[in-house]
Student: 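Once you've had a glance at the structure underneath, I'll fire off some questions.
Numbering starts at 1 and runs along the sequence shown. What's counted below: heavy atoms across the whole structure, side chains too, no hydrogens, waters or symmetry copies.
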Amino acid sequence: MSVQLSNAGVVITGAGGGIGAALARRFAADGARLVLADLDEGVRDVAAELGAHAVVGDAAGEAGVADLIARSRSVLGEIDVYCANAGVAPIGGADSPEDVWASTWEVNVMAHVRAARALLPAWLARGRGHFLATVSAAGLLTTLGSAPYSVTKHGALAFAEWLLVTYKHRGISVQALCPQGVRTRMLDSVGPAGALMLASALTPEFVADVVTDALGGDQFLILPHPEVAQYYATRAADNEHWIAGMNKLQRKLEAAGT
Ligand SMILES: NC(=O)c1ccc[n+]([C@@H]2O[C@H](COP(=O)([O-])OP(=O)(O)OC[C@H]3O[C@@H](n4cnc5c(N)ncnc54)[C@H](O)[C@@H]3O)[C@@H](O)[C@H]2O)c1
């Protein structure tokens, strides 16, 4: 089953810049009708450029998600594609403050849970709906330097997988977008881990093209960096070897003083 973007009603969170804005531009070019959400006021400019509807506000908390979905339905009719793309990537380990752990969990995981909760009754009633979760290669592997990001992206992947396993036979499709570095504000803000990914970093426009080609297809994982499939397989087949390799990388970063 593939997703027809022409005339589809699509919601994208975190669309004020980066991957979300690139998805919006590509989907608009393919004829989608869009609601673009972000905390950042810049989402108004992206929406104006594309003739889309902007919702400025929180797209993670219970009230924010409910409001976004209600407003989207009033603009689009039923939502055909929901892109849970907003994300945060704080640097830090186990010692990250409680409020940082909590807010990362809210945005990277609970935003997806709350959106699915609001979308599912109507999607199940009509036997159709597509949920795109922007996760990260960190959700399949890990990321050096950010425990909250690694843990919550694993959570987001687990939720997306659970959704698909549970509702696939009822017409719900779910895909998890898991890139490594993408040239956005986020990559600039994540310190040594970002620097490590810079050489292979992709443009958000490239990622949006990969997503559009894969949307609604048979692949659960959308991997703009194909090598991630190999890393994931290695992690599963020889976990100790993979952990030793990642720890070596960590020690290299420490030796370099980062
Ligand atoms: N850039 C990368 O290297 C990379 C790699 C893998 C995955 N990702 C994921 O891609 C997604 C998009 O990130 P990006 O790289 O485009 O970075 P970005 O920082 O440009 O975009 C993230 C957007 O999410 C918005 N946002 C954060 N919290 C929000 C909230 N509560 N409500 C509404 N909007 C909120 C931000 O304002 C921002 O515009 C994220 O989920 C990120 O984890 C990024």
Student: Any donor-acceptor pair under 3.5 Å linking the side chain of His225 with the backbone of Gln180?
Tutor: yes
Student: Determine yes or no for a side-chain-to-main-chain donor-acceptor pair under 3.5 angstrom, with Asp80 supplying the side chain and Gly9 the backbone.
Tutor: yes
Student: Please assess Leu120 against Leu163 for the test side chain to side chain contact (heavy atoms under 4.5 Å, CB included), listing each intermediate value before the final yes or no.
Tutor: CA-CA 10 Å; Leu120 277 169; Leu163 263 188; 4.0 Å; yes
Student: Apply the test side chain to side chain contact (heavy atoms under 4.5 Å, CB included) to residues Thr203 and Val182: give CA-CA distance (whole Å), side-chain angles for both, the deciding distance (0.1 Å), then the verdict.
Tutor: CA-CA 6 Å; Thr203 64; Val182 184; over 6 Å; no
Student: Taking His53 for the side chain and Leu36 for the main chain, is one N or O donor matched with an acceptor at less than 3.5 Å?
Tutor: no
Student: If you take all heavy atoms of Leu221 and Cys178, which pair is closest and at what distance?
Tutor: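 Taking Leu221 first and Cys178 second, the nearest heavy atoms are CD2-SG, 4.2 Å.
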Student: Do Trp123 and Val75 land in one hydrophobic cluster if side-chain heavy atoms of ILVMFWY residues count as linked below 4.5 Å?
Tutor: yes
Student: Run the side chain to side chain contact (heavy atoms under 4.5 Å, CB included) check on Leu5 and Arg26 step by step: do they pass?
Tutor: CA-CA 10 Å; Leu5 283 168; Arg26 176 60 211 262; over 6 Å; no
Student: Considering non-hydrogen atoms only, spot the tightest contact between Ile12 and Ala15 and give its length.
Tutor: O-CB, 3.7 Å
Student: Should Ile79 and Ile69 count as side-chain neighbours, where that means a heavy-atom distance under 4.5 Å?
Tutor: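 In contact.
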Student: Identify the two heavy atoms, one from Leu34 and one from Ala28, that lie closest to each other, and give their separation to 0.1 Å.
Tutor: CD1-CB, 3.8 Å
Student: Return yes when atom CH2 of Trp242 has more than 12 non-hydrogen atoms of other residues, nucleotides or ligands closer than 6.0 Å, and no otherwise.
Tutor: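 It does: Trp242 CH2 has more than 12 such atoms within range.
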Student: Determine whether a donor-acceptor pair (N or O, by modelled atom type, separation under 3.5 Å) exists between the side chain of Arg114 and the backbone of Ala60.
Tutor: yes
Student: Say whether Val165 and Tyr232 are linked into one hydrophobic cluster, either directly or through other cluster members, by side-chain heavy-atom distances under 4.5 angstrom.
Tutor: no
Student: How long is the span from the CG atom in Leu132 to the OG1 atom in Thr13, to the nearest 0.5 Å?
Tutor: 9.5 Å
Student: Any non-hydrogen side-chain atom of Pro179 less than 4.5 Å from a side-chain atom of Ile222?
Tutor: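 They are not in contact (no side-chain heavy atoms under 4.5 Å apart), so the answer is no.
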Student: Nearest heavy-atom pair of Phe131 and Ala84: which atoms, and what distance?
Tutor: CZ-CB, 3.9 Å
Student: Give, for atom OG of Ser173 and atom CG of Leu215, the distance between the pair rounded to the nearest 0.5 Å.
Tutor: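 It comes to 7.5 Å.
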Student: Considering only distance and modelled atom types, tabulate donor-acceptor pairs under 3.5 Å from the side chains of residues 146-158, sequence neighbours left out.
Tutor:
| residue | atom | partner | partner atom | Å |
| --- | --- | --- | --- | --- |
| Ser146 | OG | Pro90 | O | 2.5 |
| Ser146 | OG | Tyr149 | N | 3.1 |
| Ser150 | OG | Thr142 | OG1 | 3.3 |
| Ser150 | OG | Thr143 | N | 3.0 |
| Ser150 | OG | Thr143 | O | 3.2 |
| Ser150 | OG | Ser146 | O | 2.9 |
| Thr152 | OG1 | Asn108 | ND2 | 3.1 |
| Thr152 | OG1 | Pro148 | O | 2.7 |
| Thr152 | OG1 | Tyr149 | O | 3.3 |
| Lys153 | NZ | Thr134 | O | 3.3 |
| Lys153 | NZ | Val135 | O | 3.3 |
| His154 | ND1 | Gly139 | O | 3.3 |
| His154 | NE2 | Ala138 | O | 3.2 |
| His154 | NE2 | Leu141 | O | 2.8 |

Student: Mark yes or no for whether Gln175, through its side chain, and Gln219, through its backbone, hold a donor-acceptor pair below 3.5 Å.
Tutor: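 Present.
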Student: Do Arg117 and Glu62 meet the salt-bridge criterion of a basic N to acidic O distance under 4.0 Å?
Tutor: yes
Student: Does Arg185 pair with Asp40 as a salt bridge, N-O distance under 4.0 Å?
Tutor: yes
Student: Determine whether a donor-acceptor pair (N or O, by modelled atom type, separation under 3.5 Å) exists between the side chain of Arg33 and the backbone of Leu76.
Tutor: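 Judged by distance alone, yes, a pair lies under 3.5 Å.
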Student: Looking at Glu78, is its backbone amide N or carbonyl O close enough to the side chain of Arg73 to form a donor-acceptor pair, meaning the two atoms are under 3.5 Å apart?
Tutor: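 Answer holds: no.
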Student: Assess whether side chain to side chain contact (heavy atoms under 4.5 Å, CB included) is satisfied between Lys168 and Ile172, documenting all intermediate values.
Tutor: CA-CA 5 Å; Lys168 184 174 162 56; Ile172 309 302; over 6 Å; no
Student: Answer yes or no: is there an ion pair linking Arg44 with Asp38, defined by an N-O contact shorter than 4.0 Å?
Tutor: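 No, no charged N to carboxylate O under 4.0 Å.
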Student: Do you know which two heavy atoms are closest between Ala115 and Tyr82, and how far apart they sit?
Tutor: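 Of all heavy-atom pairs spanning Ala115 and Tyr82, the closest is CB-CE2, 3.4 Å.
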Student: So how far is it from Arg183 CZ to Ile19 CD1, rounded to the nearest 0.5 Å?
Tutor: 13.0 Å
Student: Nearest heavy-atom pair of Ala54 and Val43: which atoms, and what distance?
Tutor: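 Heavy atoms only, the tightest pair is CB-O, 4.1 Å.
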Student: Treating Ile, Leu, Val, Met, Phe, Trp and Tyr as nodes and any side-chain heavy-atom pair under 4.5 angstrom as an edge, say whether Leu196 and Leu198 lie in one connected cluster.
Tutor: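 Different clusters.
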Student: Quick one: do Val10 and Val56 end up in the same hydrophobic cluster if we chain Ile, Leu, Val, Met, Phe, Trp and Tyr together by side-chain heavy atoms under 4.5 Å apart?
Tutor: yes
Student: Would you say CD of Gln4 has more than 12 non-hydrogen atoms from neighbouring residues, nucleotides or ligands within 6.0 angstrom?
Tutor: no
Student: To the nearest 0.5 Å, what is the distance between CD1 (Ile243) and NZ (Lys248)?
Tutor: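 NZ of Lys248 is found 15.5 Å from CD1 of Ile243.
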Student: Checking Arg235 against Asn239: is there a side-chain donor and acceptor pair closer than 3.5 Å?
Tutor: no
Student: In Å, rounded to the nearest 0.5 Å, how long is the span from CZ of Arg170 to CG of Leu124?
Tutor: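 That separation rounds to 4.5 Å.
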Student: Determine whether Val211 and Phe27 make a side-chain contact, defined as any pair of heavy atoms from C-beta on separated by less than 4.5 Å.
Tutor: yes
Student: Spell out, yes or no, whether Val107 and Val100 are grouped together once hydrophobic residues are joined by side-chain heavy atoms under 4.5 Å, including indirect joins.
Tutor: no
Student: Find the distance between CZ (Phe159) and CE (Met110) and round it off to the nearest 0.5 Å.
Tutor: 8.0 Å
